[in-house]
Trainee: 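Below you'll find the structure I mean.
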Amino acid sequence: MKILGISRGNKYSPNMAGNDAAIFNAVAERLRRMGHEVETISEIEMLSIDYDIYERVFTMARDVASLVLLEKDTDLTIRKKFINSIDGILSCTNKASVANHMLEAGIPQPEFLVGEKRNILFFSTESKEDIATPLWLKNCDGCAVTADDTMFCSTKDDFDMAFKNIEDRGVNIWIAQEHQQGDLIKFYSVEGTDFFHWNYASGGHSKFGLESINGKEKGYAFDAQRIKLYADMIAKRLNVPIYGGDAVIDENGDFYFIDFNDFPSFSCCRESAADAIAQRIVQL
């Protein structure tokens, strides 16, 4: 099988460029060991490629403008070769879109509201009330590349300052998400396989250090396979089978998804993840 891999640009790997490159290269190597012909390019090259000659395309690209053009300029036959899907990756760059998909699918998550500049677009509850602090204010115009794209607001004054920050930066769509206290975990999985890994956020690499807000974990018991069940649901809905995310576990063992991402670095479980990703690519 002739396979193309598209690597992620360093701009979209804040403090994680080495880890993103490592999982990308590991997957490519696994596919070659399986007997497939694998070529690789960077995402800055993806608009100049003839995709007709490839049977599969696995991509870590996150440049929104290029992905939009690629989706526009390719037909369904080409787009079906992509894992993760172009449309799914674009959805994952918009946290408001992911939150709405999870709401429609009945996936547990904190309450939220979505706005466009100063206008409220959507509430997650029928009460139509503002989300009280503490909360998180997140940029939905693209994936997070700076610490200011995801800001914790413990008070109303904090929120006002954070909102002014995104206004000054010209952010269009944003989401305010209720803070959920509890044990913060990171999970990594490949839908369509048995692979699922989780670890406490305190024990892994942090892009911006925000995981410390939830403090030291208490070790609350929870059902990891139930998290995979719900995570696979959103992965199927978005068509991003290679995924990762964050969830908060409360004292009752209930969990709330607070983030969901396409093709993370899998740095804490790279070897087993690379095997599962390679298997999933060829079963597409």
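All of these numbers come straight from a predicted model, not from anything done at the bench. Quick note: residue numbers are just sequence positions, from 1. Values below: every heavy atom of this structure, side chains too, minus hydrogens, waters and symmetry copies.
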Trainee: Go through the steps for Lys216 and Tyr200 under the test side-chain contact (heavy atoms from CB on, under 4.5 Å), then give the verdict.
Mentor: CA-CA 9 Å; Lys216 181 67 176 175; Tyr200 289 116; over 6 Å; no
Trainee: Going through the distances and angles, do Leu135 and Glu178 end up as a side-chain contact (heavy atoms from CB on, under 4.5 Å)?
Mentor: CA-CA 4 Å; Leu135 58 77; Glu178 177 185 52; 5.6 Å; no
Trainee: For Lys80, I'd like to know if atom NZ has over 12 heavy atoms of other residues, nucleotides or ligands within 6.0 Å.
Mentor: no
Trainee: Is any side-chain heavy atom of Val98 closer than 4.5 Å to one of Phe257?
Mentor: no
Trainee: Any heavy-atom pair between the side chains of Thr146 and Asn139 that's under 4.5 Å?
Mentor: no
Trainee: Could you tell me whether the side chain of Lys81 and the main chain of Tyr54 form a donor-acceptor pair under 3.5 Å?
Mentor: yes
Trainee: How close do Phe260 and Ile234 get, counting heavy atoms only, and between which atoms?
Mentor: CE1-CG2, 3.2 Å
Trainee: Less than 6.0 Å separating the ring centroids of Tyr188 and Phe195?
Mentor: no
Trainee: Is Met16 reachable from Leu184 through a run of hydrophobic residues whose side-chain heavy atoms are each under 4.5 Å from the next?
Mentor: no
Trainee: Are a donor atom and an acceptor atom from the side chains of Asn94 and Ser97 found within less than 3.5 Å of each other?
Mentor: no
Trainee: Find the distance between CD (Glu45) and CD1 (Ile6) and round it off to the nearest 0.5 Å.
Mentor: 9.5 Å
Trainee: Taking C-beta and beyond as the side chain, do Tyr243 and Leu238 meet within less than 4.5 Å on heavy atoms?
Mentor: no
Trainee: Please step through side-chain contact (heavy atoms from CB on, under 4.5 Å) for the pair Phe58 and Ile277, ending with a clear verdict.
Mentor: CA-CA 9 Å; Phe58 71 97; Ile277 294 167; 5.8 Å; no
Trainee: Do the side chain of Arg169 and the main chain of Asp148 share a donor and acceptor less than 3.5 angstrom apart?
Mentor: yes
Trainee: Which pair of heavy atoms, one from Ala221 and one from Ile249, lies closest together, and at what distance?
Mentor: O-CG2, 4.3 Å
Trainee: Kindly say whether Glu71 contributes a backbone atom to a donor-acceptor pair with the side chain of Arg79 at under 3.5 angstrom?
Mentor: yes
Trainee: Would you say Met34 and Met1 make side-chain contact, with heavy atoms under 4.5 Å?
Mentor: no
Trainee: With a 3.5 Å distance limit and no angle check, can you tell me whether Asn214 reaches the backbone of Asp183 through a side-chain donor-acceptor pair?
Mentor: no
Trainee: Tell me whether Val57 shares a hydrophobic cluster with Val190, the cluster being built from Ile, Leu, Val, Met, Phe, Trp, Tyr side chains joined at under 4.5 Å.
Mentor: no
Trainee: Taking Asp250 for its side chain and Asn252 for its backbone only, find out whether a donor-acceptor pair lies under 3.5 Å.
Mentor: yes
Trainee: If you measure from CG on Asn10 to OG on Ser42, what distance do you get to the nearest 0.5 Å?
Mentor: 10.0 Å
Trainee: Given 3.5 Å as the limit, does a donor-acceptor pair link the side chain of Arg8 with the main chain of Arg62, or not?
Mentor: no
Trainee: Hey, are the side chains of Leu31 and Arg56 touching, using non-hydrogen atoms and a 4.5 Å cut-off?
Mentor: no
Trainee: Tell me whether Glu191 contacts the main-chain N or O of Lys236 through its side chain, where contact means a donor paired with an acceptor under 3.5 Å.
Mentor: no
Trainee: For residues Ile175 and Val171: do they belong to one hydrophobic cluster (side chain heavy atoms under 4.5 Å, members Ile, Leu, Val, Met, Phe, Trp, Tyr)?
Mentor: no
Trainee: What do the steps show when you test Glu251 against Gln181 for side-chain contact (heavy atoms from CB on, under 4.5 Å), and what is the final call?
Mentor: CA-CA 9 Å; Glu251 60 185 353; Gln181 190 61 40; over 6 Å; no
Trainee: In terms of ring plane angle, is the pair His179 and Trp136 parallel, tilted or perpendicular, where the classes change at 30° and 60°?
Mentor: tilted
Trainee: Within this structure, what is the CE-NZ distance for the pair Met233 and Lys228, rounded to the nearest 0.5 Å?
Mentor: 13.0 Å
Trainee: Is it the case that the side chain of Asn165 and the backbone of Ala162 share a donor-acceptor pair, with hydrogens and angles ignored and the cut-off at 3.5 Å?
Mentor: no
Trainee: Do the side chains of Lys156 and Asp160 get close enough for a salt bridge, i.e. N-O under 4.0 angstrom?
Mentor: yes
Trainee: So, taking the atom named CG in Leu137 and the one named CD1 in Ile166, what distance separates them when rounded to the nearest 0.5 Å?
Mentor: 4.5 Å
Trainee: Side-chain polar contacts of residues 109-117 - donor-acceptor pairs under 3.5 angstrom, sequence neighbours left out - could you list them?
Mentor:
{"residue": "Gln109", "atom": "NE2", "partner": "Ala99", "partner atom": "O", "Å": "2.9"}
{"residue": "Glu111", "atom": "OE1", "partner": "Ser124", "partner atom": "OG", "Å": "2.6"}

Trainee: Within the supplied structure, the quantity of interest is the number of heavy atoms (other residues, nucleotides, ligands) at a distance under 6.0 Å from Asp50 CG; does it exceed 12?
Mentor: yes
Trainee: Keeping Thr193 on the side-chain end and Ala276 on the backbone end, is there a donor-acceptor pair under 3.5 Å?
Mentor: no
Trainee: Salt-bridge test for Lys95 and Asp259: reply yes if a basic N is under 4.0 Å from a carboxylate O, no otherwise.
Mentor: yes
Trainee: Tell me the closest heavy-atom pair linking Ile89 and Ala61, and the distance in Å.
Mentor: CG2-O, 3.4 Å
Trainee: Which atoms form the tightest heavy-atom contact between Val240 and Cys92, and what is the distance?
Mentor: CG2-SG, 4.2 Å
Trainee: Taking all atoms of both residues into account, what is the closest heavy-atom pair of Ala96 and Ile173, and its distance?
Mentor: CB-CG2, 4.3 Å
Trainee: To the closest 0.5 Å, what do you measure between CG (Asp87) and OG (Ser85)?
Mentor: 5.5 Å
Trainee: Tell me if the centroids of the rings in Phe222 and Trp198 come within less than 6.0 Å of each other.
Mentor: yes
Trainee: To the nearest 0.5 Å, what is the distance between CD1 (Ile227) and CG (Asp232)?
Mentor: 12.0 Å
Trainee: Testing the basics here: between Trp174 and Cys140, what is the closest heavy-atom pair and its distance to 0.1 Å?
Mentor: C-SG, 3.7 Å
Trainee: Within a strict 4.5 Å, meaning less than it, do heavy atoms of the Thr59 and Ile86 side chains meet?
Mentor: no
Trainee: Less than 4.5 Å apart, side chain to side chain, heavy atoms only: is that true for Met161 and Lys164?
Mentor: no
Trainee: Counting only heavy atoms not in Asp223 (residues, nucleotides, ligands), do more than 12 fall under 6.0 Å from its CG?
Mentor: yes
Trainee: Taking atom types as modelled, find out whether Asn84 and Asp262 have a side-chain donor-acceptor pair closer than 3.5 angstrom.
Mentor: no
Trainee: State yes or no: are the ring centers of Tyr51 and Phe82 separated by less than 6.0 Å?
Mentor: yes
Trainee: If you define the side chain from C-beta out and look only at heavy atoms, does anything of Ser66 sit under 4.5 Å from Met46?
Mentor: yes
Trainee: Group every Ile, Leu, Val, Met, Phe, Trp and Tyr by side-chain heavy-atom contacts under 4.5 Å, then state whether Val27 and Phe24 land in the same group.
Mentor: yes
Trainee: Would you say Ile49 ends up clustered with Val68 if hydrophobic residues are merged whenever their side chains have heavy atoms under 4.5 Å apart, either directly or through other cluster members?
Mentor: yes
Trainee: Looking just at side-chain N and O atoms, do Tyr12 and Asp63 make a donor-acceptor pair shorter than 3.5 Å?
Mentor: yes
Trainee: Do Arg33 and Asp275 sit within salt-bridge range, that is, some charged N less than 4.0 Å from a carboxylate O?
Mentor: no
